[in-house]
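Both counts, for ligands and for their atoms, begin at 1 and track the order of listing.
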Amino acid sequence: MKPSKLVMFDYDGVIVDSLEVFCESYIGACQDNGLYGIKTQKDVLTLFENNVYAALQQQGVPLSIIDKILEDYERRQSKHLLGLHLFANMADALRAISKKNKVFIITSNISAATESVMRKHGVACFEEIIGAEKEKSKIRKIEKIRARFPGLPAFYVGDTKGDMMEGKAAGTTAVGVTWGWHSREQLAAGGADFIVWSPQELVALLLR
Ligand SMILES: O=C(O)COP(=O)(O)O
């Protein structure tokens, strides 16, 4: 059966309920590398009003330090992976969406960590999971995948203003989910084409 859409998912805040673990690990990694200005959950959430790595670069953080933060983040996060939960009904939603569409994860997190959490929860429906250690720009990652499936309508599903901006810049229909890290207003400000309030609503949108 020919897939009807290309659906690319953000991971943190869309699939996995990871805000506490992400912030604790990320703030720790920033502190390890001398970025003492990033110390609260709000500071972290502000970085996601853009691509998180572009936001750090705009603050003058060199790429070598950003790579070091990512490494330290990976090490800190690894202690918490087993305790992470998926949002309610999200595993079933992903399985349903993948029956008719090609699905990917495009994340600012680490590919291997993301893969291990999805495996632990028995969700094996992704063509590929592409983390930040492979490429930091979600725009470039989305464009590369789109080029592999010419003609398939492409969607990016995210929970932050930055996700909506990158999804739009890469030519997808941007779908914002309200159970994640940013508010409905922030998703709208990022250019969301659709805003959904439940995984069931997401399934209905992507299977129609
Ligand atoms: O919600 C976000 O944009 C962060 O999620 P990500 O780490 O999966 O990219």
Side-chain angles (χ1 to χ4, degrees), residues 7-30 38 41-58 66-67 69-74 76-78 80-81 84-87 90-91 93-94 103-118 121 123 126 128-142 144-145 155-170 172 174-192 195-196 199 202:
V7 186
M8 291 162 277
F9 287 89
D10 177 63
Y11 165 71
D12 292 286
V14 170
I15 297 174
V16 69
D17 189 2
S18 57
L19 183 62
E20 303 299 324
V21 164
F22 188 97
C23 287
E24 189 190 315
S25 307
Y26 210 79
I27 290 167
C30 286
I38 297 168
Q41 205 171 83
K42 188 161 171 284
D43 296 332
V44 175
L45 290 177
T46 302
L47 294 174
F48 284 91
E49 290 183 351
N50 188 343
N51 176 289
V52 59
Y53 302 108
L56 289 174
Q57 270 190 293
Q58 277 163 17
I66 294 176
D67 285 336
I69 291 172
L70 204 51
E71 256 175 49
D72 292 338
Y73 165 76
E74 181 176 15
R76 285 172 169 272
Q77 173 189 240
S78 66
H80 304 285
L81 291 180
L84 286 173
H85 296 285
L86 306 195
F87 287 103
M90 217 33 219
L94 290 165
V103 299
F104 286 77
I105 290 181
I106 303 285
T107 176
S108 338
N109 214 312
I110 307 288
S111 312
T114 305
E115 273 158 19
S116 75
V117 172
M118 298 318 301
H121 290 277
V123 183
F126 300 103
E128 201 177 337
I129 293 175
I130 310 176
E133 83 290 351
K134 293 182 181 158
E135 162 66 61
K136 294 185 180 70
S137 162
K138 289 186 180 177
I139 299 173
R140 282 197 288 271
K141 290 193 271 199
I142 293 169
K144 268 197 184 161
I145 294 174
F155 291 71
Y156 190 62
V157 182
D159 67 316
T160 59
K161 183 179 173 188
D163 287 335
M164 299 298 99
M165 288 163 55
E166 289 198 277
K168 292 302 293 176
T172 69
V175 181
V177 309
T178 54
W179 54 88
W181 294 4
H182 278 176
S183 65
R184 196 202 70 79
E185 288 74 20
Q186 286 169 296
L187 296 169
I195 292 181
V196 296
L202 185 62

Distance col, row E133:CD vs L70:CG, nearest 0.5 angstrom, shows 7.0 Å

Heavy-atom proximity to atom 9 (O) of ligand 1, picking from S108, G162, G131, points to S108

- Task: Compute whether any side-chain donor of one residue and acceptor of the other, for S183 and Q186, lie under 3.5 angstrom apart.
- Result: yes

The answer for which part of D12 has a heavy atom under 4.0 Å from ligand 1 is both

Near N109 (heavy-atom distance under 4.0 Å), the atoms of ligand 1 are 7 (O)

- Looking only at distances, please establish whether an N/O atom of ligand 1 is found under 3.5 Å from an N/O atom of W181. no

A student checking ligand 1 against D159 at a 4.0 Å heavy-atom cut-off should list atoms 1 (O), 2 (C), 3 (O)

Validation row: I145, E128 side chains within 4.5 angstrom (heavy atoms): no

A student checking ligand 1 against D163 at a 4.0 Å heavy-atom cut-off should list atoms 1 (O), 2 (C), 3 (O)

In ligand 1, the atoms that come under 4.0 Å of a heavy atom of Y11 are 8 (O)

Counting heavy atoms not belonging to K134, are there more than 12 under 6.0 Å from its NZ? yes

Atoms of ligand 1 under 4.0 Å from any heavy atom of F48, numbered from 1 in the order shown, are 2 (C), 3 (O), 4 (C)

Rounded to the nearest 0.5 angstrom, the SG-CH2 distance for C23 and W181 is 6.0 Å

In ligand 1, the atoms that come under 4.0 Å of a heavy atom of T107 are 6 (P), 7 (O), 8 (O), 9 (O)

### Query
Within a strict 4.5 Å, meaning less than it, do heavy atoms of the Q77 and N109 side chains meet?
yes

- Does H182 have a heavy atom less than 4.0 Å from any atom of ligand 1? no

The single option from V117, D159, I106, I129 that satisfies side-chain contact (heavy atoms from CB on, under 4.5 Å) with Y11 is V117

heavy-atom search around atom 5 (O) of ligand 1 in the protein gives D10 OD1, 2.8 Å

I want to know whether F48 and F22 have ring centres closer than 6.0 Å. yes

